[in-house]
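Here is the structure we will look at, set down as structure tokens.
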Amino acid sequence: MKSTKATLITGATWIIAVTYFFPVAWMFINSFKTENDAASLTPKFIFTPTLEGFSRLADRGMVDYLTNSLMASVISTALVLLLAIPAAYALSVRPIVKVQDALFFFISTRFMPAAASILPLFIIFKNLRVLDNIFALSLVYAAMNLPIAIWMMRSFLSEVPHEVIEASRIDGANFETELWSVVLPIVLPGIAAVALICFIFSWNEYFFSVLLTSANAKTTPPFLASFVDGRGQFLAVLSAASTVAALPVILAGWFAQKQLVRGLAMGAVK
Amino acid sequence: MAVASLKNLKNLNDGRMPKRKKKVNSPWGGFFFVLPSIIAMAIFVYGMIGWTVRYSFSNRTSAWKKDMSFAGMARYTELLQDPEFTHAFSNLLKFTIVFMIGTLISGLIMALLLEKGIRGEGFFRSTYLYPMAISFIAMGTSWRWLMDSAKGDRATGLNLIFDRIGLGFLENTWYTSIKGSMFAMALPAIWQMSGYVMALFLAGFRGIPDDLREAARVDGASEFKIYRHILFPQLSPTFLTILIILGHISMKVFDLIYGIASKGYVTKVLAIYMWQVIFDFQNYAKGAAIAIVILLMIAVVVIPYLIYVNKTEEAK
């Protein structure tokens with residue numbers, strides 16, 4: 001009786017997992033097909049794999065868009081960490097007055113819709129002549145990810161055992177030593193999780209990018225979306241593009257699973 | 001926010017309750033660490049929102065004619081008479097309801113399945129969570145194929161599966177017909193977010209001390225009763241958090257719909273309509289008014305919640 005129930009639970013978990021994985025797996029499979037195989041009405045699971053789709057992407061200049069995405073994600077993530085780590089530190093290890101109010105303020109900004117800031121941003125960008133500039137876009141991404149980074153970072157910092165910090169203070173550690181050689185090593189996995197989440201959110205971002213960039217600084221998501229209108233055609237090449245775009249996330253999930261899961265679970269307030 | 005429930009996420013891995021943190025000295029020392037971030041966010045979010053509000057009350061109904069004179073509520077009353085706006089609004093409400101209920105139920109089922117600690121829990125947890133991390137613009141490819149509207153001999157994706165397993169009557173036009181479009185659109189959204197709901201529920205379950213269950217079991221309560229009368233009541237803050245987070249994600253929805261159906265009429269929601277009005281029709285003032293409507297819909301739900309959470313946190 002008991003084992004039947006356990007089997008049922010395991011079975012259900014597997015069915016959900018396979019169903020969940022299917023859309024991504026299908027995209028992956030299609031990316032190695034020829035257009036004819038991909039367009040076949042009966043889904044083909046056996047076919048001769050080809051890299052044709054990927055090479056056609058390179059012809060369309062996808063490498064440039066990927067480079068832009070990489071730049072925007074790396075710059076914005078670095079900037080976010082630079083601001084978020086000290087801020088979170090001040091809010092946890094050395095709490096300032098009104099910690100709750102500051103946190104409340106940060107998290108409230110995270111709930112606000114990007115739609116409500118896009119018009120002024122666009123006009124400012126236009127007037128400052130920084131439309132289509134990857135650095136300007138990175139600034140926007142940094143601002144977009146800052147509140148959640150502070151929030152996550154603070155949560156990780158609060159887990160640092162208080163005794164460790166007390167001990168270092170008794171040993172006469174000054175502020176910098178306390179931060180750099182006592183606290184930071186402990187929260188390094190936390191920082192990795194924050195960085196990963198900021199990177200992924202910037203990497204996937206579409207709303208700001210499609211508007212604030214065009215030829216030079218365009219990132220991968222707007223490039224992908226430019227395919228959307230051609231319905232049903234180019235399934236193979238589009239799958240290849242989507243696979244390439246999703247690859248960093250899938251790889252991150254592989255190598256830094258723990259950080260990713262934790263970061264995702266905390267970072268949902270998009 | 002989420003403060004209470006998100007704190008619980010720590011329990012996901014180690015099962016321990018977080019330690020209460022002691023207050024430390026030097027109250028102003030860290031202030032200058034926080035200040036840059038506060039200023040940045042104040043300008044980037046609230047500054048821009050204020051500016052958008054100003055536009056929404058103006059006569060700047062085109063990009064080139066820079067008429068910022070005060071127009072009162074004119075843009076908002078225009079919206080009420082605009083059938084396309086009401087269409088997008090009701091689409092958004094339909095989407096929100098289906099998305100929230102669907103995600104809540106499937107997330108809860110996942111959490112209940114994993115809650116007892118089955119073998120390979122970590123693997124399932126990440127499999128359920130990862131759709132959240134993949135760009136929806138990218139996933140649009142697969143979902144368009146899955147929800148292709150062709151039927152019968154020309155069917156692909158889900159329609160083909162229904163056809164083959166003898167459930168042909170389930171074949172439908174998915175997001176392409178006005179009747180069911182928003183219900184179909186909720187499907188990928190549920191796929192994307194239910195793992196997150198699972199994580200929150202799982203953390204909630206793990207945060208409940210085992211003694212409670214044990215005690216109930218000793219008293220002879222059935223598994224169902226334990227959930228119904230002991231575990232679920234403990235999770236009401238988690239429920240609230242989930243509803244708020246899903247609700248605000250739903251109001252903002254853009255990528256997900258755009259990635260599948262672009263700016264198509266049948267699946268148009270407020271964010272997509274706003275986009276068209278501002279950048280395709282170049283009507284800045286009207287677009288700003290739509291943005292403010294989205295903002296208000298979120299604020300009505302989120303602000304009371306944040307204040308409530310903030311107060312309960314301070315009281316601790």
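Naming convention: chains lettered A, B, ... in sequence-line order (proteins, then strands); numbering from 1 in each chain.
- Using bins of under 30°, 30° to 60° and over 60° for the plane-to-plane angle, the ring pair Phe122(A)/Phe279(B) lands in the perpendicular bin.
- Note: Thr13(A) leads Ile9(A), Leu8(A), Thr13(A) in heavy-atom pairs under 4.5 Å with chain B.
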Q: Please lay out, stage by stage, how Ile298(B) and Met112(A) fare under the test side-chain contact (heavy atoms from CB on, under 4.5 Å).
A: CA-CA 7 Å; Ile298(B) 294 173; Met112(A) 296 303 148; 5.6 Å; no
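- Ranked by heavy-atom pairs shorter than 4.5 Å toward chain B, the options Ile150(A), Val210(A), Val249(A), Thr220(A) are led by Val249(A).
- At a threshold of 4.5 Å between non-hydrogen side-chain atoms, the residues Ile249(B) and Phe111(A) do not count as touching.
- Inspection of the Ser242(A) and Thr141(B) side chains reveals an N or O donor paired with an N or O acceptor under 3.5 Å.
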Q.
Ile123(A) vs Tyr55(B), test: side-chain contact (heavy atoms from CB on, under 4.5 Å). Steps then yes/no.
A. CA-CA 11 Å; Ile123(A) 291 167; Tyr55(B) 269 104; 2.9 Å; yes
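- No other option in Ala12(A), Ser108(A), Ala245(A) has as many heavy-atom pairs under 4.5 Å with chain B as Ser108(A).
- Note that the CG atom of Leu119(A) and the CZ atom of Arg54(B) stand 12.5 Å from one another [nearest 0.5 Å].
- Inter-residue side-chain proximity for Trp51(B) and Ser117(A) is flagged as unmet; no heavy-atom pair is nearer than 4.5 Å.
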Q. Can you list the steps and then say if Lys5(A) with Glu223(B) is a side-chain contact (heavy atoms from CB on, under 4.5 Å)?
A. CA-CA 13 Å; Lys5(A) 203 178 156 195; Glu223(B) 254 338 76; 4.3 Å; yes
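- Looking only at heavy-atom pairs under 4.5 Å with chain B, the residue among Pro222(A), Ala252(A), Ala241(A), Ala115(A) that has the most is Ala115(A).
- By number of non-hydrogen pairs under 4.5 angstrom with chain B, the leading residue of Thr243(A), Val244(A), Ile124(A) is Ile124(A).
- In terms of heavy-atom pairs under 4.5 Å with chain B, the best-connected choice from Ala17(A), Ala142(A), Ala246(A), Ala114(A) is Ala17(A).
- Trp191(B) has its ring centre no less than 6.0 Å from the ring centre of Phe22(A).
- The aromatic rings of Trp275(B) and Phe207(A) are tilted relative to each other, their planes meeting at an angle between 30° and 60°.
- Classification of the Phe33(B)-Tyr89(A) ring pair by plane angle, with boundaries at 30° and 60°, yields tilted.
- Between Tyr130(B) and Phe21(A), the two ring planes are tilted [angle within 30° to 60°].
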